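This one's a predicted model, so the numbers in the text were calculated from it and none came from an experiment. Just so it is clear, the values below take in all heavy atoms, side chains as well, and ignore hydrogens, waters and symmetry mates. All chains are named by letter (A, B, ...) in the order of the sequence lines, taking the proteins before the strands, and each is independently numbered beginning at 1.
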Amino acid sequence: MSVFNLYNTLTKRTEEFKPNEEGKVRMYTCGPTVYHFAHIGNLRSYIMEDVLEKYLRYTGYDVKRVMNITDVGHLTSDADSGEDKMLKGAKREHKTVMEIAEFYKKAFFDDCAKLNIKTPDVTEPATNCIPEFIHMIEELLKNGYAYEAGGNVYFDTSKLEEYYVLSNQNEEELQVAVRDDVEEDINKKNKTDFVLWFTKSKFDEQELKWESPWGMGYPGWHIECSSISIKHLGGYLDIHCGGVDNIFPHHTNEIAQSEAYLGHKWCNYWFHVQHLNDQTGKMSKSKGEFLTVPLLEEKGYNPLVYRMFCLQSHYRKPLLFSFDVLDNTKTSYEKLVNKIAALGEDGTLMQQDIEEYRKKFKEAMGNDLNTSQALTVLYDVLKSSLDNASKRYLIEDFDKVLSLGLLDAANTSVEIDESLAEFAEKLIEERNQARKNKDFAKADAIRAELAEKGIEIKDTREGTVWTMAQR
RNA sequence: GGCGACUUAGCCAAGUGGUAAGGCAUGGGACUGCAACUCCCUGAGCAUCGGUUCAAAUCCGUUAGUCGCCUCCA
């Protein structure tokens, strides 16, 4: 197994990855809140986490990955996001909260599929695990890490020896209610305490409520990840993933409650993906253009172009989105696919050379997932003196991790109607005859006629070839 | 105010102490009736100031700018 160096937010260093159990990786990802569409900034994280998972598999690890689906939350009173219109719209159509959750959950996985993001081995909706949440909270109360106040159950952060393990905040400087849409909760003993179970909250219209030892209510927002992770992956987690905005307080609180519950260190590596920004800063649902995968498709972009856009950058660097850069990437992607499509099938696998390039690929990826460098290795392969069979082999091999659908795109194995093919062949022949006779007006007219049917032609040295135009 | 990160050519971006990968765009050329595709050629001294070193984009410190987080956007 090759060396895999990974940046760890916990230690703020790049360190060699070593799982708890030899050859096996337990990995947890904070999933989406399914009450609106995911924007492409959210999806950047899921793309990079997908690359991480696939690279671990590529190097031979047996990976088990779990993701939660947050389908409980203050769904009916979401006033801090501009997208509640969608929710209201759905309500006007007499849909329940669960139906809305179901709708956006499907939308999320549709987006993921288009971006070649593998579905985790386990995806668990929070509403499936209420008994587990309650059990964990009961244990925390029993062990003195939690208290009841004002109808809610809170985690007592003062009971921990170390609370700020992830974020290096300090108690004195931490400001409460920095955001003006947030009010201070007077029930808390310490300002960093957080709610484990609500029965009373400012969000009175909570639609989903469950019976609990503390009354009808619903779980706090941090308990779900700890509980679902421990449920499926046990008490020793290798990698926990998420966007950087989760570091504090979400992940900090997860560590607090999980380790208080378990009584030992919980997770060794914390993987955080930086944000996608637009001209105004962090991409969000409430400002600027609300960019989604279906919107990119409408604008004529293959979603995999966006995946490549993300892979060209490093996951720990803020990335600025613009259509100019996406256009660049689109051209790069198409050129790359063209080059691959032009490869023949000839040759026998040159094992030794193949290993050389695989080694380079692993060096790039093993260096804290340097995907940009890995793409360069792919370009190097195409430019190399390897035979076509070896090149194809390597492209397929790298694409197990990169998942840009390169060979599929290159093979354009679109099912083509036979009569259409005959039609195309016939007109191309006519056109070539016209070209021979220097009747270029007729030749161009035929090309236009073919274009209308979605057939694009190219005059190559080997003759005229045609393809179906994309979309 | 505190904490965290980022700053390399027109744009994206690699680089982890020895004299700046790659991609896109640009310009030039080959090919083509034209177009498209393809191929060849084409560029920066690394935000600032200072330090360490024989040697720094790479290490240390300063300043500036950009971004994120600081309790319910997971």
### Query
Between OG of Ser158(A) and OH of Tyr145(A), what distance do you get to the nearest 0.5 Å?
10.5 Å
### Message
Distance check needed: A74(B) P versus Met67(A) CE, whole Å only.
### Response
14 Å
### Separation of atom CZ in Arg44(A) from atom P in C6(B), rounded to whole Å
12 Å
#### Entry: salt bridge (Lys or Arg N to Asp or Glu O under 4.0 Å) against Arg358(A), all qualifying residues, sequence neighbours excluded
Glu355(A), Asp397(A)
### Query
ring pair (Phe, Tyr, Trp, His ring centres under 6.0 Å) with Phe155(A): which residues, sequence neighbours excluded?
Phe194(A)
### Closest listed nucleotide, where the reference is the side chain of Leu319(A) and the choices are U38(B), A13(B), G33(B)
A13(B)
### Query
What does Val377(A) touch in the nucleic acid at a heavy-atom separation under 4.0 angstrom: a base, only the sugar-phosphate, or nothing?
nothing
#### Entry: Side chain of His275(A) (C-beta onward), nearest among G68(B), C12(B), G22(B)
G68(B)
### Query
Where the side chain of Val244(A) is defined as all heavy atoms beyond and including C-beta, which of C73(B), G68(B), C69(B) is the nearest nucleotide?
G68(B)
#### Entry: Nucleotide C6(B), atom C1' - distance to CZ of Phe321(A) in whole Å
20 Å
### Query
With distance as the sole criterion, do the side chain of Arg447(A) and the base of G33(B) form a donor-acceptor contact below 3.5 Å?
no
## Note on the structure
Taking G33(B), C70(B), A21(B) as options, the one with an atom nearest any side-chain atom of Thr376(A) is A21(B)
### Message
Less than 6.0 angstrom from the centroid, inside 45 degrees of the normal: does Lys189(A) satisfy that with respect to the ring of Tyr147(A)?
### Response
yes
### Task
Please work out if Asn253(A) contacts a base, only the sugar-phosphate, or nothing of the nucleic acid, heavy-atom cut-off 4.0 Å.
nothing
### Query
Could you state the CG-C1' distance from Asn432(A) to G33(B), rounded to the nearest angstrom?
12 Å
### Distance in angstrom units between Asp444(A) CG and A36(B) C1', rounded
12 Å
### Task
Measure from CG on Asn328(A) to P on A9(B) and round the result to the nearest Å.
15 Å
### Same-atom distance (C1') from A47(B) to U32(B), integer angstrom
46 Å
### Task
Give Tyr379(A) one of three labels, base, sugar-phosphate or nothing, depending on what nucleic acid heavy atoms sit under 4.0 Å from its own.
sugar-phosphate
### Message
Both distances below 3.5 Å, Watson-Crick or wobble geometry, any strand: find the nucleotide opposite U38(B).
### Response
A30(B)
### Task
Sugar-phosphate means primed atoms, P, OP1 and OP2; the rest is base. With that split, encode nucleotides 14-20 of chain B 5' to 3' as B, S or - using protein heavy atoms under 4.0 Å.
SSB----
### Task
Tell me, please, which residues at least two apart from Glu254(A) pass salt bridge (Lys or Arg N to Asp or Glu O under 4.0 Å).
none
### Summary
Residues at least two apart in sequence or cross-chain that pass salt bridge (Lys or Arg N to Asp or Glu O under 4.0 Å) with Asp110(A), listed by chain then number, are Lys106(A)
### Task
Would you indicate which nucleotide in G33(B), A21(B), C24(B) comes nearest to any side-chain atom of Arg431(A)?
G33(B)
### Query
Listed by chain and number, what are the salt bridge (Lys or Arg N to Asp or Glu O under 4.0 Å) partners of Arg307(A), not counting sequence neighbours?
Asp50(A)
### Query
Applying a 3.5 Å limit to both distances, which nucleotide forms a Watson-Crick or G-U wobble pair with U63(B)?
A47(B)
### Message
I'd like the P distance from G22(B) over to C41(B), given in whole Å.
### Response
11 Å
### Query
In whole angstrom, what separates Asn388(A)'s CG from U38(B)'s C1'?
15 Å
### Query
So which nucleotide does G1(B) pair with, by the Watson-Crick or G-U wobble rule with both distances under 3.5 Å?
C70(B)
### First of Arg316(A) and Glu224(A) reached from the 5' end of RNA chain B, by closest nucleotide
Arg316(A)
### Task
Flag the pair Tyr7(A) / Phe271(A) as yes when their ring centroid distance falls below 6.0 Å, and as no otherwise.
no
### Query
Quick one: on RNA chain B, does Pro249(A) or Leu336(A) contact a more 5' nucleotide (nearest heavy atom)?
Leu336(A)
